[in-house]
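Side chains included, hydrogens not; waters and symmetry mates left out as well; all remaining heavy atoms used. Since we're looking at a predicted model, the values are computed, not measured.
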Amino acid sequence: MDFSYSDEQRMLSDSLEKLFTAHNTAAGGGTAAQADKLWQACAETGLIGLTVPEDHGGLAGSSADVMVAAIQIGRHAVQAPFLSTAVAGAGALRLAGSDAQQAQYLPALAEGALKVACAFGEPDARYDLADVDTRAAAQGDGYVLNGAKSVVFGGDDAGLLIVSARAPDTERHDQSGLSLYLVDADADGVERTAYALTDGRGAADITFNDVKLPATALLGAQGGGYDIIEAVSDLAAAAICAEALGALEKVIGLTKEYLGTRRQFGKTLGEFQVLQHHLADMVLEYEHMKSLVYEAGALAGSDDTVARQQAVSAAKVVVAEEGRRICQQGMQMHGGIGLTEEFQLGQFVKRVAVADFAFGDADHHIARYGGHMARAAAAAFGETEGHHG
Amino acid sequence: MDFSYSDEQRMLSDSLEKLFTAHNTAAGGGTAAQADKLWQACAETGLIGLTVPEDHGGLAGSSADVMVAAIQIGRHAVQAPFLSTAVAGAGALRLAGSDAQQAQYLPALAEGALKVACAFGEPDARYDLADVDTRAAAQGDGYVLNGAKSVVFGGDDAGLLIVSARAPDTERHDQSGLSLYLVDADADGVERTAYALTDGRGAADITFNDVKLPATALLGAQGGGYDIIEAVSDLAAAAICAEALGALEKVIGLTKEYLGTRRQFGKTLGEFQVLQHHLADMVLEYEHMKSLVYEAGALAGSDDTVARQQAVSAAKVVVAEEGRRICQQGMQMHGGIGLTEEFQLGQFVKRVAVADFAFGDADHHIARYGGHMARAAAAAFGETEGHHG
Amino acid sequence: MDLTHSSEDIDFRNEVRAFLDAEFPQELAEKARTETRFKRDDYILWQKILAKKGWIAPHWPKEYGGCGWTPVQLNIFDEELTGVGAPRVMPFGIRLVGPVIYTYGTDAQKAKYLPRILSSDDFWCQGFSEPGAGSDLASLRTSAVREGDEYVVNGQKIWTSYAQYADLIFCLVRTDPDAKKQLGISFLLIDMKSPGVSVRPIHTLDGSHIVNEVFLENVRVPVENLVGEENKGWDYAKFLLSNERTGIAGIGMIKADLALLHKIALTERRNGKPLIEDPLFQARLARLEINRRALELTNLRMLTTGGDSGMFPSILKIKGSQLQQRSVELQMEAVGPYALPWQSDAMEPSWNGTPVGPQHVRARAPTYFDRRKTTVYGGSTEVQKNIISKTLLGS
Amino acid sequence: MDLTHSSEDIDFRNEVRAFLDAEFPQELAEKARTETRFKRDDYILWQKILAKKGWIAPHWPKEYGGCGWTPVQLNIFDEELTGVGAPRVMPFGIRLVGPVIYTYGTDAQKAKYLPRILSSDDFWCQGFSEPGAGSDLASLRTSAVREGDEYVVNGQKIWTSYAQYADLIFCLVRTDPDAKKQLGISFLLIDMKSPGVSVRPIHTLDGSHIVNEVFLENVRVPVENLVGEENKGWDYAKFLLSNERTGIAGIGMIKADLALLHKIALTERRNGKPLIEDPLFQARLARLEINRRALELTNLRMLTTGGDSGMFPSILKIKGSQLQQRSVELQMEAVGPYALPWQSDAMEPSWNGTPVGPQHVRARAPTYFDRRKTTVYGGSTEVQKNIISKTLLGS
């Protein structure tokens, strides 16, 4: 039982701290050229290939290592597509890719030459990853893809899309009908509407109109997509929780600083007991959240699906609910200044707001956690009958 | 639009204030003799016959008048069975009784000579009033009753029980199979286990074993019981909300007083900003609750079933949730003393705890309110289809 | 006790509805429907229509152009207007400085300003807050030094809503630097076109531009622009702030927000059902509705009984601002992943890009951030709770 | 970073389980199952079994009888014991006064008291709080005046848990009435059988009798019962209270509460389904479980890293006491109308009335009221938040 960073993790964290400080990421996304430069620098530190196997040019890092990196990304409000490429994209290729596919894509990914985005969500699906209406029909040796994906993280400038689609003869929510396909983002019939998310990072809605795919586009087994989709989504959820944790550390730090300096009615704000207790509440919830985010980081890559889902959902619920509350309290205690674009609090608050609604909201994860809980309870005590009779 | 008491209501409230103060009800239930004396005094002021029609010896008061009385009952922690006899019992007889039945029972009720209890709840039914397993089978001219009722308010010493039971050939949850029956509490086959509720008032679990009932025992139409049961339950729910409101006024008053006098760290507690704000929160929620309790009182007797249910459920949800929170905060601010039997805070807190779980808990009423809300929304905007496609 | 509306009130509501059916401009209705941000011309257009009807300042005394309506009628009026999505009547002239002028102003000031407030020919803004003086308003430092028939004003105001549209600003200024905090303050009317006045926009987290910094550098203001007595400005400010607070529960707005929320919750689906039928979301929504109900009743109770005590405005302000926030928070929750794309620009009338998702998702995240201000301005929640507990416990 | 238990820890857990299987008395298990209140003999019975095994004071230094376990093992031990419903080891001797004696006591005191604490031959209670000194402990007024070889003690203690069972009480007394608040206090050990000591029960809202008032009238206490130096008692009290706080998160208890809650939620039904499958109840329960998970991890994080700062005990105390309350609150909600019958007496071993409803409903309302104390004692939530904010902001 050890909650502290390993030496390697500490080094990773320190090097990212230096890198992001040097690139002044907290000032916003910057120009395209600046973003490219940062991305290359990230590749050079090994960040992009963090979870890529060593023989494909990566560091073979764990989900806990991803967490360490993501905390720094959140603390520095980095807008680079780490989550979509290095966590989700690399995760899907690692988990489902054939040797040939891994060899084809992972080295380029780790070098920063290939951005990847996972396109799982659909306009009407909310957070149900099995609710897929995009269809891949067999045609000749390959497939033809039709459908629409929405709010694809990193979809704005990814070169490779990993798309969930179902066999045409399967029903809308049937998990076993799902497969994953590798799609060149510049292929004919791929159309994307790019936009920024609340925290400034890029995303897209993407439609596929008769997109022709070769046989080699299939990622993993035919009909075996759902488990991969869930696993990748959990990797992303755990990472965005860690990002939020880093951002919340800043929200609390800024608030603490403001309370210590801003004066009103002849005192610093920090001398008002009500504000002291609000700050104490923020820290209280933050520390408990931190433990859950650590656990989610540790288990996000676990083979034990139930343990993984419980840990990720627990962290996600608390990040969504308490994270939102901490941000609201932080804004409130800053007064007007906390609501301006100019002051840096806003970008951290917006970062947390994205974590709130990405990869399943609180209701989604409370239901998933509750389902596991109910099953475990039933197994422990056995189903019982009405007792009063 | 007028939220103030009428002159008659003010007189009723004042006379009860005097009566309960004179009988020192806030000191507890007292001896049986003291309780009898109080009950007779209540009858003499007209309290027990408050809603009984004038030609049966009552005051023909409205549900708003019941609310006015119930607030005083809560403020003075009166344990007399007002709710079971004067609200629920009288309500059921008024709403469903034939002329003969009303003439037979209501005058005795109003005089304080007959206590009545409504036995609707069952051991396995939780708050579902249609979930009735007690059965009344036709036999000769009359019926034979079998079943069990639980947590019957006033069931400990009522002379007359009003029992919900279903026709033997109807299914467990079928509303249309329900009827009401008047049962002599001393009849053969009636067995009761009497006990006190958390706030000290009397209740009972009651079983019926082949209890023979005459034809005249049927109250209201055969199979028409459910609407009456719901209406009576709403009368009781509105009244217990008003009781809780009165008790909460005391909880807040005692807390305010304590904050003003108790000293710690060289100051009165009331000088600590955090405690000031806790008190402000209590009052803030109390004032909003008060408005809802008033509305529930005004509409509890309404013929507009939807309006009645919405108003009662709204009040009940807030009394349960915010009432509990106010009590917790009140106990917390009193520290140890607030948790002792000796100090009077406890009995008001326990009063509110009974209102919390009687006649439907927060989940029950939030679902009822939510159902009306969803239906109204659908009617206003029309059912729509998935929109993103 | 009678909690129903009288037949007079019902007639009145119908009269307002008929007026709105006939007179509320189609173009404004369309902007409201698409959640496009109103601009200066939109406000003026609507205010002039209300002025023509004689309904621009209903709560003013009749002699100055008011309507003589009961508090309940004023409430109905507010509800119906916000119900159709009408731009809110800018409060700065009508609700704030107008009553100060007709209560404390000279005849000349009344004659000069009141008609132009009613006609919306002058657009006003409010110069109270300063960088170092937010909730602690009385610590303000903008100075006005008398030189002959003029005051020379120097200082800075902040959080000035719509200063970019304004013709005039009413300011609190310090005229006696030696007096104790509240005692040396005066209430001054300043032409925004005066030399030395400059406005710097403050962009807020929601991506909009409403508030500003206003810089005052050697601004010369005629002494006739002083309202009431010199160094008595704090009294007028307190009078003005008490008017500000009563309208701030925002019940009309909350009802409009909830109507939109219902619409969204009927459209969005979870587990194959409309969100409004999802047990968790329905319970949250029902709780919010019940709170709205409680606020509305409490507001009416206060209006009809005059309030039990001085803490009622604070009680309404706290609950009202909470619900104004909570309703848009649930709107945001309702659209799920579509809360993520940032489409604040799509709310600008001039925007012509490609929107993401259906109409109803665009304003969700920006509106969530925008509403955070409601617990900060007009006396923060913390300040209101101080007021309540002071009323309860003495001080 | 490695969040799994080591194999040593797993072995240890199995060892504890094996011991409990073999040694936890059936009669105590039955009392736990039926939620019957433990009495003096129950506590002593169990403590003597633990003492025989050598596990009665595992966190003490080995030289005094401790086990040398790691913090994680101590945690496992606590979890397993509460998991089977074992009576909690009374903290007054083992957790509170024992460490004070072996840290600050004389050799004679160590020799006299420590063995009898370990063997449970002495039952201790704690005399800190006074009627006018709750959270503000240092304002205590019980006086001890030196007369020859004795102190003469006069005063009153309150909220003294289990004073009715106690052989000895450790007290804070004021030995220097002129010194500033914290400076004139001493730490005294008093025999409860001394003339002048009397105990008055305080009955609490849950219907139980745990706490008492203890009156001290001209009680003569030998000077050798002074611990450490005269007027330095505040330091020892602080040391003692810091020990009190670390155990107070009550994770073992929360887990046991949740196990019972699961059982109830599987049994009780709503809309034809077990309550644990009801969306609203399930979400509440899941939220509580997630909080329990967070508390447990945070506790382990603190134990293994030594805590990031001085605020950790307060963080654990606040969250722990909240969850200790919340879990029994949900237990009460789970039984619905059966939360109404008041059956506190049915929790007494001597009771022989007719219970209402099934076994699991009886203790619900009393336990709800009993648990309200957890946010009051051991430093109230408000005091803990003061500590946290002081750590964050300085003071």
With only heavy atoms counted, which part of [X] is less than 4.5 Å from chain B, the side chain, the backbone, both or neither?
X        : result
D:Arg284 : side chain
D:Leu137 : neither
D:Pro366 : neither
D:Ser344 : neither
D:Ser139 : neither
D:Ala339 : both
D:Gln325 : neither

Closer than 4.0 angstrom, basic N to acidic O: yes or no for B:Lys350 and B:Glu341?
yes
Salt-bridge test for B:Asp131 and B:Arg172: reply yes if a basic N is under 4.0 Å from a carboxylate O, no otherwise.
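Looking at B:Arg172 together with B:Asp131, the answer is yes, because their closest N to O distance falls below 4.0 Å.
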When you check the side-chain N and O atoms of [X] and [Y], is any donor under 3.5 Å from an acceptor?
X        : Y        : value
D:Arg372 : B:Gln332 : no
D:Gln282 : D:Glu277 : no
B:Thr268 : B:Glu271 : yes

Atom group of [X] that falls short of 4.5 Å from chain D, counting heavy atoms:
X        : answer
B:His278 : side chain
B:Val151 : side chain
B:Leu345 : neither
B:Arg262 : side chain
B:Ala362 : neither
B:Asp128 : neither
B:Thr198 : both
B:Ala196 : backbone
B:Phe265 : both

So do [Y] and [X] actually touch side chain to side chain, heavy atoms under 4.5 Å?
X        : Y        : result
B:Val349 : B:Met331 : yes
B:Arg201 : B:Arg351 : yes
B:Phe120 : B:Val232 : yes

cation_pi(B:Lys267, B:Phe272) dist<6.0 Å, angle<=45
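Judged by the rule, B:Lys267 and B:Phe272 form a cation-pi pair.
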Could you tell me if D:Lys157 sits above the aromatic ring of D:Phe128, with its cationic atom closer than 6.0 Å to the ring centre and no more than 45 degrees from the axis?
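That pair does not qualify as a cation-pi contact.
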Counting heavy-atom pairs closer than 4.5 Å to chain B, which one of D:Ala365, D:Gly272, D:Gly132 comes out on top?
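Among the listed options, the one with the most contacts to chain B is D:Gly132.
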Picking from D:Val356, D:Asp370, D:Leu280, which has the most non-hydrogen pairs under 4.5 angstrom with chain B?
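When all of D:Val356, D:Asp370, D:Leu280 are compared, D:Val356 has the most.
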Between B:Gln347, B:His334, B:Arg324, who has the most heavy-atom pairs with chain D when the cutoff is under 4.5 Å?
B:Arg324
Among B:Val274, B:Ile337, B:Asp199, B:Thr193, which has the most heavy-atom pairs under 4.5 Å with chain D?
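Of B:Val274, B:Ile337, B:Asp199, B:Thr193, B:Ile337 has the most heavy-atom pairs under 4.5 Å with chain D.
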Ring centroid separation B:Phe153 to B:Phe359 under 6.0 Å
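Yes, the ring centres sit under 6.0 Å apart.
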Over all atoms of both residues, closest heavy-atom pair of D:Ile388 and D:Ser314
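Result for this residue pair: CG1-CB, 3.7 Å.
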